[in-house]
There are 2 protein chains.
Amino acid sequence: MKQLEIFKALSNKTRLEILQWLKDPEASFPAQIHAGFEVGVCVGEIQKKAGLTQSTVSEYLSILQRAGLVESTRVGQWTYYKRNEAAFEELGKIIQSDI
Amino acid sequence: MKQLEIFKALSNKTRLEILQWLKDPEASFPAQIHAGFEVGVCVGEIQKKAGLTQSTVSEYLSILQRAGLVESTRVGQWTYYKRNEAAFEELGKIIQSDI
DNA sequence: TTGGTATATCGGAAAAAGTCGATATACCTT
DNA sequence: AAGGTATATCGACTTTTTCCGATATACCAA
């Protein structure tokens, strides 16, 4: 668990918002046709909601993924992203004991 | 608790190291003459250990303080910095529930 | 295979953070 | 009051991050 990389990933307003949205996809995004929310939310929907360009949002999701905070699944032409809850659990503990 | 400001404060290698050193001042710094470690560690000692200039370290400590992660006490011509453990406790919880 | 849609990657301009040396401020000592 | 020491602030330069448009890649459908 690369602390510095994680904190950098969390040091951006939009990326924090994306993580919030992914906590409750049903409440945050319109229903998905090609996959349920268990597999995640597709990049396009996240992009619309963020109001930034596709390239920026794709890059942000990569940053969150490299930090281990989200994971992705490719289904057909879509990539679905969802939170990695275990990472947040672990990070919380680390902050309370190691940082 | 301004999450974004906290994560930015934690997004720097040296600042993370300073926080580590302040966890156990006895082990990390030479004995202090004008005040015990309960009040904190003075800027000069932190600066020596960090190997950066005085101005940089002073700025870093301000950043940590504005984020609420450390607190300072002025005693004579020295300013002593120590960790605010409550902030780390709270941050850990927030990460496990709100982020 | 051609075209359409979704996502990723590349290259760059602008903004922010890192870091320094110089200077200012605060306090102590004489 | 004057000089010395500790810390904070300022101005400048460099590096990193933000965010974009353009292009590439991957997959699907006809």
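Letters go in sequence order (proteins before strands), and every chain restarts at 1.
Judged by distance alone, with hydrogens and angles left aside, the side-chain atoms of B/Lys23 form no donor-acceptor pair with the main-chain N or O of B/Arg83 at under 3.5 Å. A donor-acceptor pair is defined here as one N or O able to donate and one able to accept, closer than 3.5 Å; such a pair exists between the side chain of B/Ser97 and the backbone of B/Lys93. Judged by distance alone, with hydrogens and angles left aside, the side-chain atoms of B/Gln65 form no donor-acceptor pair with the main-chain N or O of B/Val70 at under 3.5 Å. B/Arg66 places no side-chain N or O within donor-acceptor distance of the main-chain N or O of B/Gly68, the cut-off being under 3.5 Å. Between the side chain of A/Gln54 and the main chain of A/Val43, no donor-acceptor pair closer than 3.5 Å is present.
Atoms CZ (B/Arg74) and P (D/dT7) sit 7 Å apart, rounded to a whole Å. Separating the CD atom of A/Glu5 from the P atom of D/dT17 is a distance of 10 Å, rounded to the nearest angstrom. For the pair B/Phe7 CZ and C/dA16 C1', the interatomic distance rounds to 19 Å; values are reported in whole Å. A straight line from CG of B/Leu4 to P of C/dA17 spans 9 Å, rounded to a whole angstrom. We find that NZ of A/Lys13 is positioned 17 Å from C1' of D/dT17, with the value rounded to whole Å. Rounded to whole Å, atom P of D/dA6 lies 10 Å from atom OH of B/Tyr80.
Across residues 52-64 of chain A, A/Leu52, A/Thr53, A/Ser55, A/Thr56, A/Tyr60 each have a non-hydrogen atom less than 4.0 Å from an atom of DNA chain D (numbered order). Within residues 15-45 of chain B, the residues having any heavy atom closer than 4.0 Å to DNA chain D are, in order of number, B/Cys42, B/Val43, B/Gly44.
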* To do: Kindly determine whether A/Leu19 and A/Phe88 satisfy side-chain contact (heavy atoms from CB on, under 4.5 Å), including the steps that lead there.
  => CA-CA 11 Å; A/Leu19 290 172; A/Phe88 292 93; 3.8 Å; yes
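Annotation: side-chain hydrogen bond (donor to acceptor under 3.5 Å, both in side chains) contacts of B/Thr53 (sequence neighbours excluded): B/Ser55, B/Thr56. Looking at residues two or more places apart in sequence or on another chain, you find a side-chain hydrogen bond (donor to acceptor under 3.5 Å, both in side chains) between B/Glu17 and B/Lys13. In this structure, B/Thr79 has no side-chain hydrogen bond (donor to acceptor under 3.5 Å, both in side chains) partners at least two apart in sequence or on a different chain.
Neither B/Val41 nor B/Tyr80 shares a network with the other; the hydrophobic side chains, linked directly or stepwise wherever heavy atoms of I, L, V, M, F, W or Y lie under 4.5 Å apart, form separate groups for each.
Salt bridge present: A/Glu45 and A/Lys48 bring a charged side-chain N and a carboxylate O closer than 4.0 Å.
Within the 4.0 Å cut-off from OP1 or OP2 of C/dA16, not a single side-chain nitrogen or oxygen of A/Asn12 is found. Considering only side-chain N and O atoms, A/Ser11 lies nowhere under 4.0 angstrom from the phosphate OP1 or OP2 of D/dT17. Between B/Tyr81 and D/dA8 there is a side-chain N or O to OP1 or OP2 distance below 4.0 Å.
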I'd like a list of close polar pairs between nucleotides 2-5 of chain C and the protein, N/O only, cut-off under 3.5 Å.
| unit_1 | atom_1 | unit_2 | atom_2 | d |
| --- | --- | --- | --- | --- |
| C/dT5 | O2 | A/Gln77 | OE1 | 2.9 |

